[in-house]
Every structure is written in C-alpha cells, then in structure tokens.
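What you see is a predicted model, and the numbers here were worked out from it, not measured in a lab. We name chains A, B, ... by the order of the sequence lines, and we start the count at 1 in each one.
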There are 2 protein chains.
Amino acid sequence: MARQNPGSKKRVTSYDVARVAGVSQSAVSRAFRPGLSVSDKTRTKVMKAAKKLGYKPNAIARMLITQRSGMVAVIISSISNLVYPELLSRVTDQLSARGVRVLLFTLDHSDQLEELLEQVWTFQVDGVIALTAHFDHRDIAQFEEHNIPVVLYNRQVPDHPVNTVCVDHSQGIRQLIDLLVENGNKRFIVLSGPPDSDVANERRRIALEHLAEHGFADVPVLYGDFSYQSGKDCFAEWMQDHGAPDAVVCSNDTMAIGCIDQARGTHGIDVPEQMSVVGFDGMYAAFWTGYELTTVRQPVNQMAKAAVDILMERIENPDAPPEKRVLAGTLIRGKSARA
Amino acid sequence: MARQNPGSKKRVTSYDVARVAGVSQSAVSRAFRPGLSVSDKTRTKVMKAAKKLGYKPNAIARMLITQRSGMVAVIISSISNLVYPELLSRVTDQLSARGVRVLLFTLDHSDQLEELLEQVWTFQVDGVIALTAHFDHRDIAQFEEHNIPVVLYNRQVPDHPVNTVCVDHSQGIRQLIDLLVENGNKRFIVLSGPPDSDVANERRRIALEHLAEHGFADVPVLYGDFSYQSGKDCFAEWMQDHGAPDAVVCSNDTMAIGCIDQARGTHGIDVPEQMSVVGFDGMYAAFWTGYELTTVRQPVNQMAKAAVDILMERIENPDAPPEKRVLAGTLIRGKSARA
DNA sequence: GTGAAAGCGCTAACAG
DNA sequence: CTGTTAGCGCTTTCAC
C-alpha cells in the first residue's frame, strides 16, 4: 500500500461517517444516493459528519456491487486528422453531461487492437465508442459475447449489423463532384487516404463512382495517409509525369491543404483559378482565410450526440437492435474550387 | 442489473475457473498475475479453463483490494489550441506504455473545476495530469489532503511548490525577440492570450520584459483568446487606428496564423517583407508551407514523457518532494519573420 | 425510515 | 507451491 505513507491517516469510509454521525453504515449509503428514503434529520447528521471527516464515496466499490462502471471507452487513433480532436472533445462533453466518464485509448497500429480490447473487457466499461478503428465481424462478435455495446463512427462492418453513426458520404461527395463538373472541370485526379482505412476507401469509391456517372471513367488515384505531408507528396508525384489536372478530389481536408500548398508553392499553380481542390470534413483549419476550402463539413456536434445517444440507449436496454444513423454534411462553397 | 438480460449467462468469475480447473480460487488469481509462484501445471490448467469459459479478470475488484486504480486523470480544456491534441496523444501513449489508463476530463469553464475534482476523488485515480487548467494553492492543498499526486503542464502555483513540467518560456521568447530586434524591427505589438490564462500571462510578461530590455517600452498589447479568429480580430482592431507595426509577437501559433491571414488577406501586408509575425508552440500547422511560422517549438514528446515520469515517481513514492522540470524549446527560423 | 447482514470479484497474508 | 481465510467499501434485500 504505497500510498499509506506514515503520517497519512487511513482513508475514511462510510463506516467512519456512520460512527461519527451515530447512524448505521447503510444510512450513510442511502444519504449519498439521491431519491432514497432517508429522513432529513438523518441526512443532515450524515452530511455533517461526512464533511467533518472529508468523506467521499468510493466509486470503485460502488462499481463492483452495481456491476456498472459509469465509464465508457473511447478509442481514437490518428490525431493528424484534425477533425478528430474536435470530435473527441464533443463526445467527451456529451458523455460528461450524462455523468459518464471517458476512458481514453489510443490505437496507433491495428495489431494492438487485441490487447486494447483485453483492457476494455477487464475494465468493465459500460460501452465503447470507436472513433477511428477498423473492426471486423470477429471483433464485433466479441463485443456481443461480453454483452457490451459499441458504436462505430463513420464505419461499418460487412455482413454484420452494428451500431454506427455516419456522415452521409455519398450525398456530400456527390455535391462536391457535381459542383466541380458544373464548373467545367474535365481532368480529375483523386488523392485518397490509405487503403487500410475504411473511411478512405469509402470516400474514394464514392468519388470514382460519381465521376463515372458523369462520364469520367478511369480517374487516376494517388494514395496518401490523410496527412498534410502526404497531400503535398501525392500532388508532387503526379506533377512529375503529368500536367496539372483541372480538379483534385481529396479524401480529407488535411490532404487538400497539403495539395494546395504544394500546387501554389512549388508548381506556381493558382488555386482555384487554374485548378480546383476539394476536401472533406470541414475541420477548423479548412476555414482559415489562407485556404477557405470547398469541402463538406461533418456535423460533428450532432454526430457526437447521436453516437452517445445510441450508446446510452444500448446500455440501458441491451436488447435494442443495432442502429445505423446517417447525418447529412453541409456543403461549404469555399474558395478552393472555381465557382 | 440492466445488463443481466434474459438469455445472457452470468458473468464468469475466478471461482468458476477454479471449479473447472479443479484448483482453488486463489490459484486462479495467482496464475493471472505475472511473477507469482505457480507451478506450470497449475497455470496451464487454469489458462485452459479460463479460455474455455471466456474468463477475464475483473479490474474493478482488483482496484478495490489493491487500493490502486491503475488510472490517471488527464484534464484538458481548450482544443482550439492545436498543440494540445498532440500533447494529449503523447501523454496517453506514455501512460499506456506503463500500463496506466487515462480517464479524460474536459474543462470548459473554470467554475466546473470543483465538480471535476469531486469526480477525481471518488474515482480513486492514482494521479492527475493537468494539461490546461488553472489551479490555485487551495486546489493543490486538496490534492495533498487526498494524497494524490498531480503534475501541471506549463503552469505554476504562486507560493506553493508543485510538480510541474514547463517549456522554458523565457529562453524561447528571448530568442524570438532577439531575432526580431536584430533584424531592425522597431515598432512592436503583442497579441496576447486571455488574461485569465496563466500561460498567456507568462508569455506576455516575458515578451514585454525582454522588449523593454532592448529599449522598447510601453509596447501595445491586444488581448485575444488563443484562437485563430481572435488573432484576426486583434490585428484588425489594431489596424483601425494605427498603421502596420514592424513586428507582431503572438502568444501562440494559432493567433499568429490568424494575424498573418488578416494582414495578408485584408490589409494587403506582405509578411514577412513588410511585417514580421512570431508565434509560440510549434504545432503541426505552423510548419505548413502557407505559413512556415517563425516560432518556438515545445518539445512535446519530452515534455509528455517528463510529466508522466514525474507522476509515476510520485505514485510509487508519495514522499518525493515536488519537482519542477524545465525544458528548452527549439527556435524555428521560419518565414514569417524577416531574416 | 432504519439497521443487520450478505455479498460484488478479487488479492494477500497465513498455514500447510 | 497450494488452499483457506479475511477482507477492500459499498449497495441492497430484508426484517423491524
């Protein structure tokens, strides 16, 4: 008991309070839980004794007996995509507002998922929100075995119903591409996030499909990793062997900004006059005057709220069936695409 | 017990495993703790039974008896300052690497600190890292009463020794200002973070002091809130009644970027040719080609590691005296200040 | 409305 | 090395 150093008094329990207040231990317990039958007199005595002793209920003991930890695990990986810090913040706020604490897990490599889940099981969290992580149906099956609800963000699991909240990628990307096509762009390239990212794959697939519907087939794709530098690198790579395209469709805002900086800085291309660039996410920096991206803003607040709503519902009622909630993004007509 | 829905089997405990393995319950407990004396034979039997039953040790029960939660609370407020997500990520990694979980708390208004601390006490966290929060000596005293170690980031508490890890603001800002003075800048303004921020106040004070040492007294100060928009607004406000200064000293990178965008975009000022702007932090976006800030980079990795080192040391040995660790930042000679 | 008593699932002496 | 035995601090029937 490393914390029990000399001069420090033993931690005060409900028994200590009971003794001082001259009531039973269970009276103390009741006094600290709202809505339980205790007389005002008793409650007053208890509170006075508690304050005097500096008593705080021990949440760990409560968890053990109630089988509820009051904690939710939030899994997040890349912070280089700047929309995720914002999202994490909103999710945390939503959970706090409901009296639930956040146990934060970062996941850098997907091969650490197994041990991360191991932690999740032992910590008896009431639920899990996966902001950025690839889950296959086996992972989801584990959650079902453990009877612990999980909500995915912008992700789905093939052949397996699962709670998920998604921005409407299809609607958002269609709007971006319609805009680009309307304005006469003809030569497109796509800067995609990495092939091992579900989000990147979906956004790329949708972009290519919609371009094809407009008659633009075989649009070239370059792969980055969602980072600013990869946006620069991809565009630089393209320019080695080709001329500037009319328009660049990027998987996220960070890559779009990298692409713009590369085009303007190194290749002397005027964005948007000579080339249009569109992103996705609507993160803070997308609105900076230097960029003013044409992009689709994810409704981060509503999505965070939806994710927490779905999760809390499943915690209260474990038999509720999996639910998918899709929210529309907002087209931002910025200045990175010719109008 | 909402989770105990019909068809779901009762949760499996070490007793169940013991029964199936044909050993005592304490043997199961030992088998799951590394470095405890168990024969290979027993361990094998236990593990086999555990796997068969899907047993996972219950961390809550362990916490209750060991008086150690294995959790550290991390308090963070503003995510608009983009260096904090990076820091949070590094701190979380450092803690995970030591087998400690992160209980995340966001603090939007300082008047919520009281109830936040209430949570901290009841959750029996082993320690606290405050990335962004103002603590006065009374708050620190509470930590001492509860015997729970705390480490502050870039903050100190007047008249009260406390564990803290700080970037060397004085050294960093001195370098920035020396650079500006050497290059002939004479008319300065300071864009400060909000007066209720310890970090803003320290950075402003140091900047003004060093400017005064160079003979520049009474340098005008405008107050923002560390955000991009406030950088823009402050500079716009200045330009209403004054001409462009030679140099703008900003409290952080985000404001510096806002200031640059405002100067270039609205006022047609060439940065750095006509005006120099310096920031502080060295966040990712500061390195983007569109800005390439002249700034001081906080050694985020080392600082995260230092904070965790100090905290873990205090958790192991509660009698260790408070420690202040100051790390030098790195001057980044970017392109936002004339060379 | 109140108190007594029985655990929640595990760890940590202590004997054997 | 193994099993027995007390609890950790609290919630929750159940009588009174």
Side chains of residues 25-36 of chain A: which donor-acceptor partners sit under 3.5 Å, not counting sequence neighbours?
residue : atom : partner : partner atom : Å
Q25(A)  : NE2  : S14(A)  : OG           : 3.0
S26(A)  : OG   : S24(A)  : OG           : 3.1

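Straight-line distance from the CZ atom of F32(B) to the P atom of dG9(C): 15 Å, rounded to whole Å. Rounded to a whole Å, the CZ atom of R62(A) is 19 Å from the P atom of dC8(D). Residue R33(B) contributes atom CZ, which lies 5 Å from atom P of dT11(C) at whole-angstrom precision. Whole-Å rounding puts the Y15(A) OH to dA5(C) C1' distance at 9 Å. Between the CZ atom of R19(A) and the C1' atom of dG3(C) there is a distance of 16 Å, given to the nearest Å. We find that CD of Q67(B) is positioned 9 Å from C1' of dG9(D), with the value rounded to whole Å. L36(A) has its CG atom 11 Å from the P atom of dT13(D), to the nearest Å. Spacing between atom NZ of K56(A) and atom P of dG9(D) amounts to 17 Å, rounded to whole angstrom units.
Using modelled atom types and a 3.5 Å distance limit, the side chains of Q156(B) and D198(B) yield no donor-acceptor pair. Under the 3.5 Å distance criterion, with hydrogens and angles disregarded, no donor-acceptor pair is assigned to the side chains of D108(A) and S77(A). In summary, the side chains of T13(A) and N58(A) do not present any donor paired with an acceptor at a separation below 3.5 Å, with no hydrogens or angles considered.
Among the atoms of the strands shown, only primed sugar atoms or phosphate atoms (P, OP1, OP2) are found under 4.0 Å from some heavy atom of V23(A).
A heavy-atom distance below 4.5 Å is found between the side chains of L131(B) and V74(B).
Ring pair H137(A)/H160(A) is parallel by interplanar angle, where below 30° counts as parallel and above 60° as perpendicular.
For S29(B), the listed nucleotide lying nearest its side chain is dT11(C); candidates were dT11(D), dC10(C), dT11(C). Here the side chain of A27(A) is nearest to one of dG7(D), dC10(D), dG3(C), namely dG3(C). When each of dT2(D), dT11(C), dG9(C) is scored by its nearest atom to the side-chain atoms of R11(B), the top-ranked nucleotide is dG9(C).
Applying the 4.0 Å criterion to OP1 and OP2 of dG1(C), one finds that T42(A) has every side-chain N and O outside that range. The phosphate of dC10(D) (OP1 or OP2) has no side-chain N or O of T66(A) nearer than 4.0 angstrom. For the pair S24(B) and dT2(D), the criterion of a side-chain N or O lying under 4.0 Å from OP1 or OP2 is not met.
Summary for the helix from dG1(C)-dC16(D) to dG16(C)-dC1(D): the axes at its two ends, each from 5 pairs, differ by 30° when rounded to the nearest 10 degrees.
A salt bridge is defined here as a Lys NZ or Arg NE, NH1 or NH2 lying under 4.0 Å from an Asp or Glu carboxylate O, and E323(A) with R325(A) meets this definition.
Side-chain rings of W121(B) and F143(B) approach one another, their centers coming within less than 6.0 Å.
In terms of position along DNA chain D, the nucleotide closest to R43(B) lies nearer the 5' end than the nucleotide closest to the other residue of the pair R43(B) and L64(B).
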Can you give me the N/O atom pairs linking the protein to nucleotides 13-16 of chain C at distances under 3.5 Å, or say none if there are none?
none

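Note: L104(B) CG to L88(B) CG = 6.0 Å, rounded to the nearest 0.5 Å.
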**OP:** Could you go through the side chain to side chain contact (heavy atoms under 4.5 Å, CB included) check for V72(B) and L103(B) one step at a time?
**Re:** CA-CA 6 Å; V72(B) 160; L103(B) 206 54; over 6 Å; no
